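Quick notes on the structure that follows.
Atoms within each ligand, like the ligands themselves, are counted from 1 in listed order. Keep in mind that this is a model prediction, so the values were computed, not measured.
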Amino acid sequence: MRQEEKMPWWKRAVIYQIYPRSFCDSNGDGIGDIPGILSKLDYLKKLGIDAIWLSPVFCSPQDDNGYDISDYRNIDPIFGTLDDMDRLVREAEKRGIRIIMDLVLNHSSDEHRWFQEAKKSRDNPYHDYYIWRDGDGVTPPNDLKAGFGGSAWEWVPELGQYYFHQFSVKQPDLNWDNPRLRAELYEMINWWTSRGIGGFRLDVVDHLGKDPDRGVMKCAPTLHPYIREMSKAAFQRNDLVTVGEAWSADIENAKLYSNPDGSELSMVFQFEHMKIDQIPGKEKWDMIPINFLELKKIFFRWQRELYGKGWNSLFWENHDLPRSVSRFADDGDYRVESAKMLAILLHGMQGTPYVYQGEELGMTNYNFRIEDCRDIEILNMVRERRKKGWSEDRILDAIHRKGRDNARTPMQWDRSRNAGFTTGEPWLLVNPNYKEINAADQMNREDSVFSCYQKLIRLRKERDVFADGVFEPLLEEDEKIFAYRRTSGDGTLLVVCNFSGDAVENPLWQEEQRGELLVSSYTEPGETLALLRPYEGRMYFYQNGQ
Ligand code: TEU
Ligand code: CA
């Protein structure tokens, strides 16, 4: 029974995230660009993905690598031109791939024309596009802190006012309470849709509704009404996919963001499983070891409770997170097996899977020196933690484990100089392991991480059970095995993964015998199904009643 007619395309899709700076450089300036992406579309077609989420390529002074936009309707010259972008949309479409743009609507760059105007005078028509409070230049309106260090309020002496910014000082928050601003943003979104864009990822969508005077930075009562308004004005036509990034989302509000009635967004991109190694209430640099039972609980809860009531994103990585094989598995001896195991575990669940560039190769974290880091979040952390008296070793350890630059080292294409990313000097160092880990080597090898992803992506399109199967957790209390079953009219999917570096007994071996092995993290079968080798992950399918 194929439910294709009723089901939106993105429920069967796998989305690939490109961080354009680090993907492929076409002109030797050391920075990836749109022509570079064009040259790799066939690679992505071979992988089999349905859509590309493109991190921001709009005009930007690059204070936060494009998440500080100075013109929403143009492409930054470091990435190319509007013509290149149109060409990307067309060429991707020829290969059955849609382009999802990354909209940063919580803030703009301070170099945006609106902000330049806004700070000219209090009665400038753009003044009210941002959030201002009177003051004396000594004591900010309150003690809210910005995401990238310091106060969230910045003094502008010419105006005798502070502006509000949740991220860097170069990222002033837009005033969503101003209907003129909102209308202008919706019009801009529609302008992109008319150029053939297939959807949008909404940066920090939970921050659009806020009440800074009461210390509320996100999820104010205005939030969901604003999202519904935007959805009506800009999203509910065509068959756009819309993805809301929300660090604060829990299952209850995820049901709103991804309401199946289509009133808000297609899906939520939430991070509960990504907070697993940090001390609750503290920052990501304040780390604790991963509690595997807790991790399982989180995934299982989302799978069970969102079923039929919303739609989740499935991911281990993005441009803000460390490499998953280094963080959750083994980037040494079992790198290949454990990278595949993570993929198998994730791709059997309900939701839309995301593959972050290089994840399909099992790329790893980088052994940075502080002076080689470029990320604004890392640089601020270093300043703040040194002040707090952290040792250099402790700071370095935090960067190696959690720093965003881990995910931003250039894509490893082949064995040639700079991993084939650029002919010039790369903006961020290339991981020296590119000779062993690269796309050219993996693309045509059956036993590669790449091939495993390719299989998983294909399977999702072939079988309904991936999109609609009912989820049943298995072995919930097992300290090493992550296992579940999904059942639909189509049949049953069984996923059994050893999340540890030890061989373990497998209580599910008899059920495995009933099924057809779809994917495994090992190339050769083991001596017996009753044992799982280190990081062994297996996915089976069987007809119901079989
Ligand atoms: O990230 C959301 C966000 O809250 C980040 O600051 C996040 O907490 C941090 O990256 C974790 O390390 C989005 C973008 O994905 C990120 O790249 C931007 O820097 C941020 O918004 C501001 O636009
Ligand atoms: Ca370039």
**Request:** Measure the acute angle between the ring planes of W176 and Y226, then classify it against the limits of 30° and 60° as parallel, tilted or perpendicular.
**Result:**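 Tilted: the ring planes of W176 and Y226 meet at 30° to 60°.
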**Request:** Compute the minimum heavy-atom distance from E245 to ligand 1 and say whether it is under 4.0 Å.
**Result:**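 A heavy atom of E245 does come that close to ligand 1.
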**ligand 1 contacted by M381 (non-hydrogen, < 4.0 Å)** =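 Outside the 4.0 Å threshold, so no.
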**Prompt:** Sequence neighbours excluded, which residues qualify as ring-ring contact (aromatic ring centres under 6.0 Å, His included) partners of Y257?
**Reply:**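 Applying ring-ring contact (aromatic ring centres under 6.0 Å, His included) to Y257 gives H224.
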**Item:** Within residues 13-22 or reaching into it, pairs that qualify as salt bridge (charged side-chain N to carboxylate O under 4.0 Å, His left out) - sequence neighbours excluded
**Value:**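 Qualifying pairs, neighbours excluded: none.
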Which is it for [X] and ligand 1 at heavy atoms under 4.0 Å: side chain, backbone, both or neither?
| X | value |
| --- | --- |
| H107 | side chain |
| D320 | both |
| E283 | neither |

**Request:** Check ligand 1 against H319 and write out every atom of the ligand that is under 4.0 Å from a heavy-atom position of the residue.
**Result:**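 Listed by number with element, the hits are 14 (C), 15 (O), 16 (C), 17 (O).
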**Prompt:** Atoms of ligand 1 less than 4.0 Å from K284 heavy atoms?
**Reply:**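 Matching atoms, with element in brackets: 11 (C), 12 (O).
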**Option of least heavy-atom distance to atom 7 (C) of ligand 1 (set: W285, F148, F271, W247)** =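 It is W247 that holds the nearest heavy atom.
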**Message:** Using heavy-atom distances only, which candidate in D63, D64, I69, I378 approaches atom 19 (O) of ligand 1 most closely?
**Reply:**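 Checking each option, the heavy atom nearest atom 19 (O) of ligand 1 is found in D64.
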What protein heavy atom is closest to [atom], reported as residue, atom name and distance in Å?
| atom | result |
| --- | --- |
| atom 9 (C) of ligand 1 | E377 OE2, 3.4 Å |
| atom 6 (O) of ligand 1 | F167 CE2, 3.5 Å |
| atom 10 (O) of ligand 1 | R404 NH1, 2.9 Å |
| atom 14 (C) of ligand 1 | D203 OD1, 3.1 Å |

**Request:** Could you tell me whether the side chains of E359 and W316 share a donor-acceptor contact shorter than 3.5 Å?
**Result:**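 There is no such pair between these side chains.
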**Item:** Side-chain donor or acceptor of S231 paired with backbone N/O of I227 under 3.5 Å
**Value:**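 Between the backbone of I227 and the side chain of S231 there is no qualifying donor-acceptor contact (under 3.5 Å).
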**Asked** Ignoring hydrogens and geometry, is there a side-chain-to-backbone donor-acceptor pair from D50 to I15 under 3.5 Å?
**Response**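 Looks like no, no N/O pair under 3.5 Å.
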**Asked** Relative to W53, does R98 satisfy both conditions: NZ or CZ under 6.0 angstrom from the six-membered ring centre, and within 45 degrees of the ring's axis?
**Response**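 Judged by the rule (NZ or CZ under 6.0 Å from the ring centre, within 45° of its axis), R98 is not positioned above W53.
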**Request:** Enumerate the residue pairs fulfilling ring pair (Phe, Tyr, Trp, His ring centres under 6.0 Å) with a member in residues 360-384, sequence neighbours excluded, ordered by first and then second residue.
**Result:**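 Ring pair (Phe, Tyr, Trp, His ring centres under 6.0 Å) check on residues 360-384 returns Y366-F368.
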**Message:** Testing Y354, F269, F299 one by one against F315 for a ring-ring contact (aromatic ring centres under 6.0 Å, His included), which residue passes?
**Reply:**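 Single pass found, and it is F269.
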**Asked** Name the one of N175, N106, D177 that satisfies side-chain hydrogen bond (donor to acceptor under 3.5 Å, both in side chains) with K210?
**Response**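 Answer after filtering N175, N106, D177: N106.
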**Prompt:** Strictly under 6.0 Å, is that where the ring centroids of Y130 and H107 end up?
**Reply:**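 Not under 6.0 Å, so no.
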**Prompt:** Out of K402, R385, Q278, which residue meets the side chain to side chain contact (heavy atoms under 4.5 Å, CB included) rule with E283?
**Reply:**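 Testing each of K402, R385, Q278 against E283, the sole residue satisfying side chain to side chain contact (heavy atoms under 4.5 Å, CB included) is R385.
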**Prompt:** From the Ca ion (ligand 2), how many protein N/O/S atoms are found at a distance short of 3.0 Å?
**Reply:**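 Near the Ca ion (ligand 2), the number of protein N, O or S atoms below 3.0 Å is 5.
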